[in-house]
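I have placed the structure first, in the form of structure tokens, so that the comments after it can refer back to it.
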Number of protein chains: 2
Amino acid sequence: MNLKELASSLGLSQTTVSRALNGYPEVNPETRARVEAAARAANYQPNSRARRLATGRAMTIGHVITHTGETEMVNPIFADFLAGAGEVYAREGYDLLLSIVHEGAAERAYRQMAANGSVDGVMVQGPRQEDPRIALLQELGLPFLVHGRTGDARGYNWLDIANLRAFRRATEFLLDLGHSRIALINGQEAMDFAARRRRGYEEALRARSITPDESLMYADVMTEGYGHRAAAQLLDRENRPTAFLVSSVISAIGVRQAAWERGLQLGRDVSIITHDDVLSYLNNDAEGPAFTATRSSIRLAGRRCAEILIERIKQPDAPFVHELWEAELMVGRSTGPAP
Amino acid sequence: MNLKELASSLGLSQTTVSRALNGYPEVNPETRARVEAAARAANYQPNSRARRLATGRAMTIGHVITHTGETEMVNPIFADFLAGAGEVYAREGYDLLLSIVHEGAAERAYRQMAANGSVDGVMVQGPRQEDPRIALLQELGLPFLVHGRTGDARGYNWLDIANLRAFRRATEFLLDLGHSRIALINGQEAMDFAARRRRGYEEALRARSITPDESLMYADVMTEGYGHRAAAQLLDRENRPTAFLVSSVISAIGVRQAAWERGLQLGRDVSIITHDDVLSYLNNDAEGPAFTATRSSIRLAGRRCAEILIERIKQPDAPFVHELWEAELMVGRSTGPAP
DNA sequence: GGTTACCTTCAAAGCGCTTTCAAATTTCTC
DNA sequence: GAGAAATTTGAAAGCGCTTTGAAGGTAACC
């Protein structure tokens with residue numbers, strides 16, 4: 001059933017039927033009711049391909065997700081971020097176009113989206129320091145929103161969490177407990193968020209006149225195995241750290257495992273604070289084993305990012321939106337006074 | 001730059017330019033070369049909205065992902081499955097349309113995709129027993145492929161792993177090691193894969209004249225916390241199980257944690273076998289703490305599922321494809337003789 | 001040389017909608 | 001009750017491509 005058939009079955013023109021269904025005001029209420037009833041009865045749905053061509057809008061938002069080079073790892077936080085964003089898209093009538101490519105192919109993916117008009121805007125996640133995607137999208141003139149930020153962040157829309165403050169605060173918390181040898185198990189420091197977290201950690205140490213020790217800092221893709229390896233190395237040193245600051249619950253699980261294997265008890269022999277993205281399948285709440293954590297829901301972030309992006313697509317000339325969220329420090333059972 | 005402009009700048013008709021770019025044979029080789037050069041120079045990309053309308057093909061595949069009711073949990077295996085499928089889609093020129101909805105809204109999402117023609121086919125994941133989506137898609141006449149299977153599986157395309165055999169095999173492995181009180185920490189048994197795994201487990205027990213004990217079987221959404229809770233309960237009984245068969249590495253991490261907390265060592269005091277989807281961020285390999293596992297890569301499955309679905313979209317009348325993959329049993333360090 | 005076949009190109013229709021512009025009808029206004 | 005204004009509907013153009021059907025130009029054949 002298409003518009004033409006529906007219109008002729010009603011004895012009306014396509015124009016009127018189209019207007020009735022799209023809520024235009026200049027339609028007689030009775031006519032509209034009649035049209036709506038017929039459309040429902042026939043289960044009529046306007047053909048989205050035709051509509052998109054006619055309106056010039058794709059009603060689609062692009063997400064380009066890259067997997068990291070060698071390991072081909074897909075960052076698991078994307079699932080929850082997408083769930084949050086997807087909720088909003090569905091509500092607002094937008095489709096979500098997902099492109100999963102190798103890191104090197106991302107530029108081509110964005111260029112293609114811009115040139116062939118398959119999306120109205122794109123979401124950028126996990127920016128690196130001086131990420132080339134931002135300049136590219138500015139050049140292409142495609143509306144976009146960055147989850148995270150980098151460089152001179154005034155010239156585009158972003159939503160970020162206060163990574164530096166969160167990790168400074170977490171480090172201070174450990175210092176207050178008497179820890180002084182605190183290891184940092186960070187994400188790849190080419191990523192902007194990881195660089196900020198490291199700065200927060202170092203600032204807190206310096207403020208207490210502790211010189212940051214490079215040998216206590218690790219940076220890599222945040223898998224469980226990485227957390228385990230890094231912690232194992234650190235814990236087997238003669239002068240081992242008494243506390244760990246970790247960038248992801250997944251890696252923190254590896255760190256915890258390494259501690260257990262050495263007979264060390266969390267919160268007594270060794271302390272862990274992790275950043276917690278509140279992933280739905282790794283809920284770090286009262287029920288399970290609760291890490292002390294800086295916490296900010298990636299899913300809520302996804303939801304809000306989608307809202308902002310859609311607003312910006314509708315009003316391309318509005319001023320840039322910058323939203324900085326604080327992470328809360330949740331004290332769990334993985335921290336305690338330095339031994 | 002659109003086709004009309006490109007054509008007139010070349011002094012050719014739209015017809016010829018379109019044909020030259022789409023590889024039709026009736027174009028003079030010199031003309032084609034000229035057109036291709038000009039298109040490249042102008043960075044011309046055909047407008048996908050127009051092309052889709054004209055061809056009647058969406059060049060898009062839909063994935064509807066549901067989050068489970070109350071917990072709103074998004075199954076983390078989707079990220080890796082999507083990565084595998086996305087790779088193939090990109091190669092074949094298909095877009096991936098992702099719809100993330102509450103479980104109850106899935107039917108509407110499929111109906112909409114079928115009615116408005118935004119996709120050429122859909123991927124169905126995680127079928128429940130007698131899943132209504134299958135009948136729905138058959139009725140809608142939309143090509144689809146099921147990852148997993150259920151009910152009378154002859155009438156549609158599917159790719160599945162041999163869940164029953166894998167869990168029977170794993171149970172036999174534990175029985176051979178002398179375990180007899182083996183707990184099953186399963187996924188929700190409304191899911192077809194979980195029901196099959198349970199049958200495999202029970203068959204293996206019965207074959208050794210052990211009556212399956214309901215009190216040793218748990219079934220729920222496979223989070224870490226669930227694994228931890230279930231194992232904690234079981235290990236605190238007077239007559240505790242000596243081995244665990246777990247449906248997901250994520251839950252197995254919770255089980256392991258519960259064991260550690262009670263001073264029990266894996267492979268000595270308690271054994272764990274888990275199913276391992278080979279998620280990229282939870283790699284259960286030699287480096288990290290390796291569980292004994294039935295193993296099958298969800299990412300490879302995604303890749304193959306995409307290939308099959310695209311084949312079927314291109315040839316709608318070909319016979320149904322049924323592909324059953326064996327999971328391999330990888331012996332790790334989490335299993336040992338019964339104490 | 002005339003007919004046929006082939007190669008190459010093009011004009012125009014069509015995909016199924018939205019939207020502009022105009023027309024028909026009804027309601028107001030004095 | 002005539003003219004103006006408001007309300008409601010429709011014809012047709014257009015979105016940017018693909019594809020059909022026709023035609024111009026060459027080569028091939030007898």
- Task: Go through the structure and list residues passing salt bridge (charged side-chain N to carboxylate O under 4.0 Å, His left out) with B/Glu107, not counting sequence neighbours.
- Result: B/Arg111
- Message: For B/Arg149, give me all partners under salt bridge (charged side-chain N to carboxylate O under 4.0 Å, His left out), at least two apart in sequence or on another chain.
- Response: B/Asp160
- Task: Pull out every residue in residues 25-43 of chain B that has a heavy atom closer than 4.0 Å to any atom of DNA chain D, ordered by number, or say none.
- Result: none
- Item | Nucleic acid contacts of residues 16-23 of chain B, taken as heavy-atom distances under 4.0 Å to DNA chain D | B/Ser18, B/Arg19, B/Asn22
So, are [X] and [Y] salt-bridged, with charged N and O less than 4.0 Å apart?
X	Y	result
A/Arg128	A/Glu103	yes
A/Arg91	A/Glu307	yes
A/Lys314	A/Glu311	no

- Task: Evaluate the side-chain proximity of A/Arg299 to A/Val278: yes if any heavy-atom separation is below 4.5 Å, no if none is.
- Result: no
- Query: Between B/His147 and B/Val124, is any pair of side-chain heavy atoms under 4.5 Å apart?
  - Reply: no
- Message: Quick check for you: to the nearest 0.5 Å, what is the distance between A/Arg52 atom CZ and A/Ser118 atom OG?
- Response: 9.5 Å
- Query: Can you tell me how far OH of B/Tyr156 sits from CZ of B/Phe144, rounded to the nearest 0.5 angstrom?
  - Reply: 7.5 Å
Give every donor-acceptor pair under 3.5 Å between a side-chain atom in residues 40-47 of chain B and any protein atom, sequence neighbours left out.
from: B/Asn47; atom 1: OD1; to: B/Arg49; atom 2: N; distance (Å): 2.8
from: B/Asn47; atom 1: OD1; to: B/Ala50; atom 2: N; distance (Å): 3.0

- Message: So does A/Ala153 get a backbone contact from the side chain of A/Trp158, meaning a donor-acceptor N/O pair under 3.5 Å?
- Response: yes
- Using a cut-off of 6.0 Å, state whether more than 12 heavy atoms not belonging to B/Glu30 lie near its atom CD. no
- Item | Neighbour count above 12 (heavy atom, 6.0 Å) for A/Gln315 CD | no
- How far does the helix from C/dG1-D/dC30 to C/dC30-D/dG1 bend, going by the axes of its first and last five pairs, to the nearest 10°? 40°
Nearest non-hydrogen partners of [X] and [Y], listed with the distance:
X	Y	result
A/Leu21	A/Ala39	CD2-CB, 3.9 Å
B/Ala301	B/Leu159	CB-CD2, 4.3 Å
A/Asn157	A/Val321	OD1-N, 2.8 Å
B/Leu12	B/Thr31	CD1-CG2, 3.8 Å

DNA chain C contacts among [range], heavy-atom distance under 4.0 Å:
range	value
residues 2-15 of chain B	B/Gly11, B/Leu12, B/Ser13, B/Thr15
residues 44-60 of chain B	B/Leu53, B/Ala54
residues 111-118 of chain A	none

- Message: What I want to check is whether the side chains of B/Asn22 and B/Arg51 have a donor and an acceptor closer together than 3.5 Å.
- Response: yes
- Query: Strictly under 6.0 Å, is that where the ring centroids of A/His63 and A/Tyr89 end up?
  - Reply: yes
- Task: Could you tell me how the ring of B/His67 sits relative to the ring of B/His102: parallel (under 30°), tilted (30 to 60°) or perpendicular (over 60°)?
- Result: perpendicular
- Query: B/Ser13: what forms a side-chain hydrogen bond (donor to acceptor under 3.5 Å, both in side chains) with it, not counting sequence neighbours?
  - Reply: B/Thr16
- Message: Just to verify, which of B/Asp95, B/Ile313, B/Leu142 counts as forming a side chain to side chain contact (heavy atoms under 4.5 Å, CB included) with B/Val119?
- Response: B/Leu142
- Note on the structure: Bounded by its outermost nucleotides with an atom under 4.0 Å from a heavy atom of chain B, the footprint on DNA chain D reads D/dG16 to D/dG21
Output a table of nitrogen or oxygen pairs between the protein and nucleotides 25-28 of chain C separated by less than 3.5 Å.
none

